[in-house]
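Below: one structure, written as structure tokens.
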Amino acid sequence: MQLSASSAAVLTLGASIAGLTGCSKAPVASGYKVLRPGDIEILRALAPVILSGSYPGSLQDKAPDTLLHALDSLVLTLQDYARSQLVMMFDALQVAPVRLAMGAPWASWSEMPADDIEAFLHSWKTSRIQLKRMGYGSLCKLLTMCWYSQPATFALTGYPGMPQKIPAHS
């Protein structure tokens, strides 16, 4: 219980610092409904590591935009509380001192080597702090769901696609 309370306090403090630096007040990125430029920077860095061998796959140059727009649409459908928690996590991950306190390297996401991102994700996955494990699960599930919901990625999983409508026989 104390770890959860302290984790929540760290996340709230980090989001508060992000708010003071202007991260949380950043406008939505052009062409998006929810995601802001800083969120997109984080997701562009995480996607190749989380999706490893299947990314960019058959989508090649269109992969980042396709994935990010699918994720933006999905985040828009989340309940207000879940969406606000996700935004708070992105806010905290955008501020270098908070990012460092949360186990990520100091470097900006766009400059972070894949090995550093992998180590960060592994530390969150195996953390004793439930909030970090939940953050890891949320990021992985959201990116994975959005990626594998794209018809161009169906072949990677062996999914033949949507069933064809079979006309009823009279």
Side-chain angles (χ1 to χ4, degrees), residues 11 14-15 18 22-24 26-79 82-96 98-100 102-127 131-165:
L11 184 58
C23 289
S24 63
V28 173
S30 177
Y32 292 88
K33 298 172 187 126
V34 179
L35 296 177
R36 301 158 302 167
D39 307 338
I40 291 171
E41 180 186 4
I42 293 167
L43 294 165
R44 280 185 185 268
L46 293 176
V49 176
I50 291 173
L51 299 168
S52 60
S54 67
Y55 187 84
S58 58
L59 291 175
Q60 296 301 319
D61 294 338
K62 293 190 271 183
D65 288 335
T66 300
L67 175 62
L68 291 169
H69 280 94
L71 185 59
D72 187 58
S73 295
L74 179 65
V75 171
L76 186 65
T77 67
L78 295 175
Q79 293 177 340
R83 187 172 43 245
S84 71
Q85 295 297 299
L86 188 62
V87 167
M88 191 183 301
M89 180 175 61
F90 286 142
D91 285 346
L93 289 173
Q94 289 180 43
V95 179
V98 177
R99 185 172 51 244
L100 188 63
M102 294 176 76
W106 182 270
S108 70
W109 289 99
S110 60
E111 297 171 357
M112 229 179 270
D115 289 344
D116 289 353
I117 294 170
E118 179 69 42
F120 160 72
L121 289 169
H122 182 73
S123 74
W124 270 30
K125 178 182 178 182
T126 59
S127 177
L131 189 62
K132 287 183 176 184
R133 291 192 315 269
M134 288 172 52
Y136 169 82
S138 297
L139 289 169
C140 290
K141 286 177 186 176
L142 288 171
L143 284 167
T144 303
M145 283 178 12
C146 290
W147 179 247
Y148 288 109
S149 68
Q150 303 305 312
T153 65
F154 289 172
L156 295 169
T157 62
Y159 179 58
M162 298 297 291
Q164 299 297 316
K165 183 175 180 180

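Below, each value reflects all heavy atoms present in this structure, side chains not excepted, and no hydrogens, waters or symmetry copies. Here, residue 1 is the first one in the sequence, and each next residue gets the next number. Worth saying up front: this structure is predicted, and the values here are computed from it rather than measured.
Scanning all heavy atoms of the two residues, the minimum distance from M102 to A92 falls at SD-CB, 3.7 Å. The heavy-atom pair separating S127 from R133 by the smallest distance is O-NH1, 2.8 Å. The heavy-atom pair separating G135 from M89 by the smallest distance is CA-SD, 3.8 Å. Residues P56 and A63 approach most closely at CB-CB, 3.5 Å, considering heavy atoms.
By the 6.0 Å contact criterion, CD on Q60 is enclosed, its count of non-hydrogen atoms from other residues, nucleotides or ligands being greater than 12.
Applying the side chain to side chain contact (heavy atoms under 4.5 Å, CB included) rule to A152 yields the partners S58, L59; only residues at least two apart in sequence or on another chain are considered. Shown here are the ring-ring contact (aromatic ring centres under 6.0 Å, His included) partners of Y148, two or more places apart in sequence or in another chain: there are none. Considering only residues two or more places apart in sequence or on other chains, L142 meets the side chain to side chain contact (heavy atoms under 4.5 Å, CB included) condition with L71, L74, L86. Checked against salt bridge (Lys or Arg N to Asp or Glu O under 4.0 Å), R83 has the following partners two or more places apart in sequence or in another chain: D80.
The aromatic ring centres of F120 and W109 sit less than 6.0 Å apart.
Aromatic ring orientation, Y32 versus H69: parallel (interplanar angle below 30°, classes split at 30° and 60°).
With rounding to the nearest 0.5 Å, the separation of CE in M134 from NZ in K132 is 14.0 Å. To the nearest 0.5 Å, atoms OG1 (T77) and NZ (K33) are separated by 10.5 Å. In this structure, CG in L143 is found 10.5 Å from OG in S138, a value given to the nearest 0.5 Å. In this structure, the separation between CE on M112 and CH2 on W106 is 11.5 Å, given to the nearest 0.5 Å. Once rounded to the nearest 0.5 Å, the distance linking SG of C146 with CG of L67 reads 6.5 Å. Within the model, atoms CD1 of I40 and CG of L68 stand 6.0 Å from one another, a figure rounded to the nearest 0.5 Å.
The side-chain heavy atoms of P64 and Y55, taken from C-beta on, include a pair separated by under 4.5 Å. Contact annotation: the side chain of F90 approaches that of L139 to within less than 4.5 Å [non-hydrogen atoms, C-beta and beyond]. Between V28 and V34 the shortest side-chain heavy-atom distance does not fall below 4.5 Å.
Listed by first and then second residue, the side-chain hydrogen bond (donor to acceptor under 3.5 Å, both in side chains) pairs that reach into residues 116-125 come to none, sequence neighbours excluded. Applying the side-chain hydrogen bond (donor to acceptor under 3.5 Å, both in side chains) definition to pairs two or more places apart or across chains, those involving residues 39-49 are R36-D39, D39-Q94, E41-S110, R44-D65.
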